[in-house]
Enquirer: 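Pasting in a structure now, in structure tokens, and then I'll have a few things to ask.
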Amino acid sequence: MPRRLIALTALALLSAMPAHASGGISCTADDRASKFTIGSPIGRSTGGAFFQFEGTLELRAANVAEDFRKVSFIKEHLTQSWFDARDLKMHVHFEREGEPHGTIDLTVEARGNADAGTWRGRYVLSIGETVDGEFRSRRITGRVACSVEG
């Protein structure tokens, strides 16, 4: 009888604990070349699916087209994502509508663990633009901090 009581008590305690089926991710960078915030609610039970991804990017680097100075990202721009117990990776791809052709690719990679308040890593920002009929690209790199909840 005591064994059954212990099992029932343990089951009752486990069912009273909150289930972490969802949470959120937010990554930010703020340096001389760029400032951005990207993030999304995530579902843990769905393999870390990113829901309602969004973000903003402000390019501070010299010689950037005016329409690339401030860009907003939506879910369709998140082309790849990976999230597990220690690694977070996101790739965002944005294309200019119309001419001249231009692209922005932002890759974020951060590491942490469940006990870490902030996950730290690096970002790579690739800016590609057609100038005088020739497609040119350049890279900007920097540090990124991410908060992971849930």
Side-chain angles (χ1 to χ4, degrees), residues 11-150:
L11 183 60
L13 288 173
L14 287 174
S15 65
M17 294 175 71
H20 295 287
S22 64
I25 293 173
S26 177
C27 295
T28 60
D30 189 353
D31 54 38
R32 289 185 350 202
S34 69
K35 175 182 180 180
F36 67 83
T37 300
I38 58 175
S40 177
I42 57 165
R44 295 287 183 134
S45 61
T46 56
F50 288 62
F51 303 106
Q52 301 171 352
F53 173 86
E54 60 183 21
T56 58
L57 168 67
E58 177 185 337
L59 287 172
R60 298 171 173 166
N63 301 320
V64 174
E66 189 60 35
D67 64 329
F68 273 9
R69 290 268 170 215
K70 290 192 178 186
V71 175
S72 294
F73 300 126
I74 58 174
K75 186 175 189 309
E76 287 73 26
H77 296 131
L78 181 66
T79 58
Q80 296 181 23
S81 60
W82 173 267
F83 177 61
D84 68 11
R86 290 185 292 192
D87 292 303
L88 168 63
K89 298 179 183 186
M90 292 184 275
H91 181 260
V92 180
H93 178 77
F94 176 87
E95 287 194 31
R96 172 186 288 139
E97 292 185 22
E99 297 295 327
H101 181 66
T103 62
I104 296 174
D105 285 285
L106 172 62
T107 303
V108 170
E109 295 187 11
R111 292 188 59 96
N113 61 51
D115 298 329
T118 301
W119 291 30
R120 304 226 179 259
R122 309 269 315 153
Y123 75 86
V124 176
L125 187 58
S126 299
I127 305 162
E129 297 183 272
T130 301
V131 179
D132 298 326
E134 182 181 326
F135 189 77
R136 300 178 187 166
S137 63
R138 63 191 218 192
R139 283 176 44 138
I140 298 170
T141 61
R143 296 175 191 245
V144 66
C146 301
S147 63
V148 177
E149 299 174 7

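Computed over heavy atoms, backbone and side chain alike; hydrogens, waters and symmetry mates excluded.
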Enquirer: Would you list the pairs meeting disulfide (SG to SG under 2.5 Å) in which at least one residue belongs to residues 52-92, sequence neighbours left out?
Expert: none

Enquirer: Identify the two heavy atoms, one from Gly142 and one from Asp31, that lie closest to each other, and give their separation to 0.1 Å.
Expert: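 Answer, listing the atom of Gly142 first, then Asp31: CA-OD2, 4.1 Å.
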
Enquirer: Run the side chain to side chain contact (heavy atoms under 4.5 Å, CB included) check on Leu59 and Ile127 step by step: do they pass?
Expert: CA-CA 10 Å; Leu59 287 172; Ile127 305 162; 3.8 Å; yes

Enquirer: Applying side-chain hydrogen bond (donor to acceptor under 3.5 Å, both in side chains), which residue pairs with at least one partner in residues 134-145 are found, sequence neighbours left out?
Expert: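 side-chain hydrogen bond (donor to acceptor under 3.5 Å, both in side chains) check on residues 134-145 returns no pairs.
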
Enquirer: Can you list the residues that meet the ring pair (Phe, Tyr, Trp, His ring centres under 6.0 Å) rule with Phe53, with sequence neighbours excluded?
Expert: none

Enquirer: Indicate yes or no for a side-chain donor-acceptor contact from Ser40 to the backbone of Phe51 under 3.5 Å, with no hydrogens or angles considered.
Expert: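 Indeed, once roles are kept as given, a pair shorter than 3.5 Å links the two residues.
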
Enquirer: Which pairs with one or both residues in residues 54-73 pass salt bridge (Lys or Arg N to Asp or Glu O under 4.0 Å), sequence neighbours excluded?
Expert: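 Sorted pair list: Asp30-Arg60, Glu58-Arg60, Asp67-Arg96.
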
Enquirer: Side chains of Phe36 and Thr56: does their closest heavy-atom pair fall under 4.5 Å?
Expert: no

Enquirer: Starting from the C-alpha separation in whole Å, work towards a yes-or-no answer on side chain to side chain contact (heavy atoms under 4.5 Å, CB included) for Leu78 and Met90.
Expert: CA-CA 7 Å; Leu78 181 66; Met90 292 184 275; 4.0 Å; yes

Enquirer: What is the minimum heavy-atom distance between Val71 and Phe68, and which atoms define it?
Expert: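 Here Val71 and Phe68 meet closest at CG2-O, 3.8 Å.
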
Enquirer: Tell me which pairs pass ring-ring contact (aromatic ring centres under 6.0 Å, His included) where either residue lies in residues 96-116, with sequence neighbours left out.
Expert: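 Applying ring-ring contact (aromatic ring centres under 6.0 Å, His included) to every pair that reaches into residues 96-116, excluding sequence neighbours, yields His101-Phe135.
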
Enquirer: Search all heavy atoms of Phe94 against all heavy atoms of Ser72 and return the closest pair with its distance.
Expert: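 Closest approach of Phe94 to Ser72: CE1-O, 4.1 Å.
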
Enquirer: List the steps, then state whether side chain to side chain contact (heavy atoms under 4.5 Å, CB included) holds for Ile104 with Ser126.
Expert: CA-CA 6 Å; Ile104 296 174; Ser126 299; over 6 Å; no

Enquirer: Does the side chain of Leu57 reach to within under 4.5 Å of the side chain of Thr37, using non-hydrogen atoms?
Expert: no

Enquirer: With His93, which of Thr107, Leu106, Thr103 fulfils side chain to side chain contact (heavy atoms under 4.5 Å, CB included)?
Expert: Thr103

Enquirer: Please find the pair of heavy atoms, one from Cys27 and one from Val144, that lie closest to each other, and give the distance.
Expert: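 Closest approach of Cys27 to Val144, heavy atoms only: CB-CG2, 3.9 Å.
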
Enquirer: So for atom CD, which belongs to Glu95, do other residues, nucleotides or ligands contribute more than 12 heavy atoms lying within a distance under 6.0 Å?
Expert: yes

Enquirer: Which atom pair, heavy atoms only, marks the closest approach of Ile140 to Ala33?
Expert: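 Where Ile140 meets Ala33 most closely, the heavy atoms are CG2-CB, 3.4 Å.
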
Enquirer: Just grab all the side-chain hydrogen bond (donor to acceptor under 3.5 Å, both in side chains) pairs involving residues 111-121, residues at least two apart or on different chains.
Expert: Asp87-Arg111

Enquirer: For residues Phe50 and Ile25, determine if any side-chain heavy atom of one lies less than 4.5 Å from a side-chain heavy atom of the other.
Expert: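 Yes - at least one pair of side-chain heavy atoms lies under 4.5 Å apart.
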
Enquirer: Can you find a pair of side-chain heavy atoms, one from Lys89 and one from Glu109, that are under 4.5 Å apart?
Expert: yes

Enquirer: Working to the nearest 0.5 angstrom, can you tell me the gap between Asp105 CG and Thr79 OG1?
Expert: 7.0 Å

Enquirer: Restricting to non-hydrogen atoms, name the atom on Val64 and the atom on Glu129 that form the minimum distance, rounded to 0.1 Å.
Expert: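 Looking at all heavy atoms of both residues, the closest pair is CA-OE1, 4.4 Å.
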
Enquirer: Quick one: SG on Cys146 to CZ on Phe83, what's the gap to the nearest 0.5 Å?
Expert: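 If we round to the nearest 0.5 Å, Cys146:SG and Phe83:CZ are 10.0 Å apart.
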
